[in-house]
Asks: 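A single structure is presented below for examination.
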Amino acid sequence: MLSKAYEPKPVEAKWSETWQKERLFISKPSAGKKPFVVVIPPPNITGALHMGHALTYTLQDVLVRYQRMLGREACWVPGTDHGGIATQNVMEKMLKAEGKTRHDLGREEFLKRTWAWYGECGSMILGQLRKLGCALDLAPENVRFTMDTKRAAAVFEAFRSLWDKKLIYRGERMINWCPRCGTALSDIEVEYEEEKSKLWHIRYQFEDGSGSVTVATTRPETMLGDSAVAVNPEDARYSALVGKKLRLPLTDRLIPLIADEGVEKDFGTGAVKVTPAHDPLDFEIGQRHKLDMPRVISYEGRMTNCPEKYAGLSVQAARKAVVEDLVSGGLLEKEEHYKHSVGKCSRCSQHIEPLVSEQWFVRMNRLAAPAIAAAESGGVKFYPPSWKKPFTAWLGNIQDWCISRQIWWGHRIPAWYCRSCSAAGLKFSDTGELSRVSFTHGAKPVISFEKPAACPDCGGADLLQDPDVLDTWFSSSLWPFSIFGWPEKTADLDYYYPASVLVTGYEILYLWVARMVMSGIEYLGKPPFSQVYLHGIVRDKHGKKMSKSLGNVIDPLAVIEKYGTDAMRFSLMAQTLGGKDIPFSDEATVGGRNFVNKLYNAARFMQMYLPETPAPLEAEMPEELADRWITERYGSALARSRAAMEEYDIPKAQDALYAFIWDDFCDWYLELAKPRLQSEGRENVLALMLELFTGALKALHPFMPYVTEELYSNLKLYLKKPGGCLLNESWPEAPRTVSPAAAEMLELMGVIGQIRTARSQFEIPPGKAIKVLASSSDPEALARLEKGAAYVKLLAKVEELRLGRDLPKPPRSLSAISGSFTLYVPMDGAVDLEKEKARLTKELEKARKDNEQCLGRLNDPAFVARAPRAETEKINARAVETAGKISRLTVILEELK
RNA sequence: GGGUGGUUAGCUCAGCGGUAGAGCACUGUCCUCACACGACAGGGGCCACAGGUUCAAAUCCUGUACCACCCACCA
């Protein structure tokens, strides 16, 4: 006999290995079959997978396995993402532990080490995906990486093509700079957080001594880079003063008072200091008025190009010093408490500095328009649909995308500069490379993957590659087709593109999803997928985001270790509705674990009765009430599950099967089958049980692949058509129902329930058999109960069931009512009359209240006139039923007195 | 400032026009020959608040409060 409790570990190890070895998950273009393609969000090689990965990959695995069982050629290509800044930060942290920085190693050595890390971390991640049960073929030749040779070719082709169309340009613009990561970021890589700060009111005096203008600012230190003070042209307070010169405090510079529409009259003092190099709005004002653009904050986040006293200070220190000096100079008018949001680096949470810098950009307007159209027309459909609006709104308001990053790990920008043509403008570092933040001053780039042999202009051979790398999302945006070999015209691309569905968390809707849609349309003329399923974020049980600093991170592998993969998958899938965030806790997994165990034990139960040497059962399908009923329930569960899957309602799809197995199959059918398995015709009962149970295993396989495969592999030996691995089986079809059984079964279940309740309330031990009298005035009901007597006897532990019309209540007995039946349970000893009265009175009260409500509605002419017929009939029936119950209960209670 | 979603049993959430449901937790009985990771039974909810529509509202509409998230050049 097998152990009582299911042990997931050996089972998971066995099947995981078998599936890979048999290349079960491999997909090949197959002319006769419709493909079903899921685009995997490639995990970054920044470390172990977390709970969010477990969620997204399980979700995808469920879809892939399900569709495969429905007969589609399901394709899900594994891969990892090089992860740009995130991975570089991980590497730098490791180096720091050795007391080194990346500059100690140099670019080449640093890249070598990062590639080695990719080797380690990448395969660890693939191993973890395997543990999650993902139906991914992990043979090395099948695994993609955003920086492997083929993907690099795709990146170059995309870059070249956009450059040729003038959709990529290099320019000097306001960007978000992270002084800690030492790189520019795109707008969406900045996260804004509300911070308590101050609003400083600073007096700028007129050069001619005719008074002053007060400006309000949250960043006094940037005043060292001011090149004007601006007011709204409509602002009467200032209109006469516009054009006058102001003395910039703490410096010896003079700046003009200008008028610009960007300034709001009602904010602060209505006058704003303009720092074109370090504020996005000021930059625009500066452009409009052709102002100087002194850069006073360096790429390291320190003051520069300013009075000696502040030079080299950090922004924070400079702020303090500037405020102090303003105070002592009598120029600080006031200081207000103020809350505003501050931009932070999404990768390292440090404050970002807006500053002007020369970078590479993608012009987005033209790319965004067709993506918006695709969403509007339903060519790309969102689940849940509420994401369509934010998607189109973001695209409609899109800014150019800064794609250059001043880091080392990533796709090097395929642009080269000729040293002899453009030497005057190029700025070099000591190593002869272009410096970390390069100024090419309009030097003409040559776009080439490899170093060009000669400069097309002057023929010189001394070309230097742009030192920057591309935003990691640039390569990610090509993923849905780069994985199939684009830009080559491959058979895979032809067959699998576009994909069916993209499943990912809503937090990367703009970073990734929107950009994939744009690039798919741009390069292949079609959106890369027709459906987008956006799920929520896995949070801790209090709804907090999991983070290392909060110490509330749950490691999926630890959960698997403790409860098993199927249990974790089940629990995660039970909560993924509507794209809402998922509060996850260890305890939540217990439910899944218990269900897995339930399946295992149901199988164990059947195996007790199956012959030891497996052979297909020779049997006829039985057709008694319970058989017909359970077949009906099975069919209904499958239908509901399937319908839910069509709408990506994973929890509902799973729950329909769960409820069938637990509530119907185990609690009722198996219990009813027990005596039948001891007697003649047991093969028939076993055959039906096997058919339904193995069918349910198939249907459940996408959700819990391991336990279902394990159980099926044992049970299938008794089936006429055993099949192979579950993944190659068809998702089950609902069988034809022979004749309706639900109503009859429900009637019996009601009687059983009433007897059980009476037993329980009067603490009749479960093992003790009792007598029951069932009285009814309805002869048909009595006939039905007679037919079902065996069920009642079995499940309510009744040794003798007497049926009859208007049977008198035996002395010392309990009473209960179920449908048309009045049930009496004679007791051995005295009955606690008070308890019985209280119980029945409560029932009576309930029935009275119900009856009153029904009558109230039936006596309401408006209800009778307006409500649909079916509704009035229903209420009427209930009124009759409750009335009957009331009169019978009243009689019983009278007798008790 | 704009937008979206939420507010239902102690907890996590279903239900979205016909008299409130699940899982977990709780109480009682039972280690009944599949499963105590179990069985059976039970307790527990003016469905955030205020109006409105309707014969009928947790469910539709309007507003309020609180929570969460997203977007925005909040000097």
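In what follows, chains are A, B, ... by sequence order, proteins preceding strands, each numbered from 1.
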Asks: Under 4.0 angstrom, heavy atoms only, what part of the nucleic acid is A/E763 near: base, sugar-phosphate, or nothing?
Replies: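 Sugar-phosphate: the residue A/E763, judged by heavy atoms under 4.0 Å, touches backbone atoms but no base.
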
Asks: Under 4.0 Å between a side-chain N/O of A/K389 and OP1 or OP2 of B/rU4, yes or no?
Replies: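 So the side-chain polar atoms of A/K389 do come within 4.0 Å of the phosphate oxygens OP1 or OP2 of B/rU4, strictly under.
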
Asks: Decide, yes or no, whether a salt bridge links A/E191 with A/K344 under the criterion of side-chain N to carboxylate O below 4.0 Å.
Replies: no

Asks: For nucleotides 7-12 of chain B, give me one character per nucleotide, 5' to 3': B if any protein heavy atom sits under 4.0 Å from the base, S if the only such contacts are to the sugar-phosphate, - if neither.
Replies: -----S

Asks: Just to be sure I understand the rule, does A/P861 reach a base, reach only the sugar-phosphate, or reach nothing, if contact means heavy atoms closer than 4.0 Å?
Replies: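 Nothing, no heavy atom under 4.0 Å.
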
Asks: In whole angstrom, give me the gap between the P atoms of B/rA9 and B/rA22.
Replies: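 Those two atoms are separated by 14 Å.
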
Asks: B/rA39 phosphate, OP1 or OP2: any side-chain N/O from A/K598 under 4.0 angstrom?
Replies: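 So the side-chain polar atoms of A/K598 do come within 4.0 Å of the phosphate oxygens OP1 or OP2 of B/rA39, strictly under.
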
Asks: Salt-bridged, A/R878 to A/E881, with N to O below 4.0 Å?
Replies: no

Asks: Phosphate oxygens OP1/OP2 of B/rA34: is one of them under 4.0 Å from a side-chain N or O of A/K674?
Replies: yes

Asks: So, A/D226 and A/Y204: side-chain donor and acceptor under 3.5 Å apart, yes or no?
Replies: yes

Asks: Please work out if A/R878 contacts a base, only the sugar-phosphate, or nothing of the nucleic acid, heavy-atom cut-off 4.0 Å.
Replies: base

Asks: Quick check on B/rA72: is either OP1 or OP2 less than 4.0 Å from any side-chain nitrogen or oxygen of A/N397?
Replies: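 It does not, given that no N or O in the side chain of A/N397 lies less than 4.0 Å from OP1 or OP2 of B/rA72.
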
Asks: Could you check which nucleotide pairs with B/rG5 in any of the strands shown, counting Watson-Crick or G-U wobble with both distances under 3.5 Å?
Replies: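 Answer to the pairing question: B/rC67, which forms a Watson-Crick or G-U pair with B/rG5.
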
Asks: Considering every strand and a 4.0 Å limit on heavy-atom distances, what is the contact class for A/E264: base, sugar-phosphate, or nothing?
Replies: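 Since a base atom lies under 4.0 Å of A/E264, the category is base.
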
Asks: Contact class for A/Y510 vs. all strands (heavy atom < 4.0 Å): base, sugar-phosphate, or nothing?
Replies: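 Sugar-phosphate contact only.
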
Asks: Is the A/F595 ring parallel, tilted or perpendicular to the A/W662 ring (thresholds 30°, 60°)?
Replies: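 Parallel: the ring planes of A/F595 and A/W662 meet at under 30°.
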
Asks: Contact class for A/K842 (heavy atom, under 4.0 Å): base, sugar-phosphate, or nothing?
Replies: sugar-phosphate

Asks: Does A/D667 reach a base, just sugar-phosphate, or nothing at all? Heavy atoms under 4.0 Å.
Replies: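 Sugar-phosphate, no base atom in range.
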
Asks: OP1 or OP2 of B/rC37 versus the side-chain N and O atoms of A/R593: is any pair under 4.0 Å?
Replies: no

Asks: Is the distance from OP1 or OP2 of B/rC70 to the nearest side-chain N or O of A/W387 less than 4.0 Å?
Replies: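 A/W387 to B/rC70 OP1/OP2: no side-chain N or O under 4.0 Å.
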
Asks: What's A/W662 touching, base or sugar-phosphate or nothing? Going by heavy atoms closer than 4.0 Å.
Replies: sugar-phosphate

Asks: Checking all strands, does A/A271 fall into the base, sugar-phosphate, or nothing category for heavy-atom contacts under 4.0 angstrom?
Replies: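 Here A/A271 touches the bases of the nucleic acid.
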
Asks: Heavy atoms under 4.0 Å, any strand shown: does A/V263 hit a base, just sugar-phosphate, or nothing?
Replies: base

Asks: Indicate whether OP1 or OP2 belonging to B/rC35 is found under 4.0 Å from a side-chain N or O atom of A/K4.
Replies: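 So the side-chain polar atoms of A/K4 do come within 4.0 Å of the phosphate oxygens OP1 or OP2 of B/rC35, strictly under.
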
Asks: Between A/K265 and B/rA75, is there a side-chain N or O to OP1/OP2 distance below 4.0 Å?
Replies: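 No.
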
Asks: Should A/T757 be listed as having a side-chain N or O under 4.0 Å from OP1 or OP2 of B/rC40?
Replies: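 Answer no for this pair, as no side-chain N or O of A/T757 is under 4.0 Å from OP1 or OP2.
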
Asks: Base, sugar-phosphate, or nothing for A/C854, non-hydrogen atoms under 4.0 angstrom?
Replies: nothing

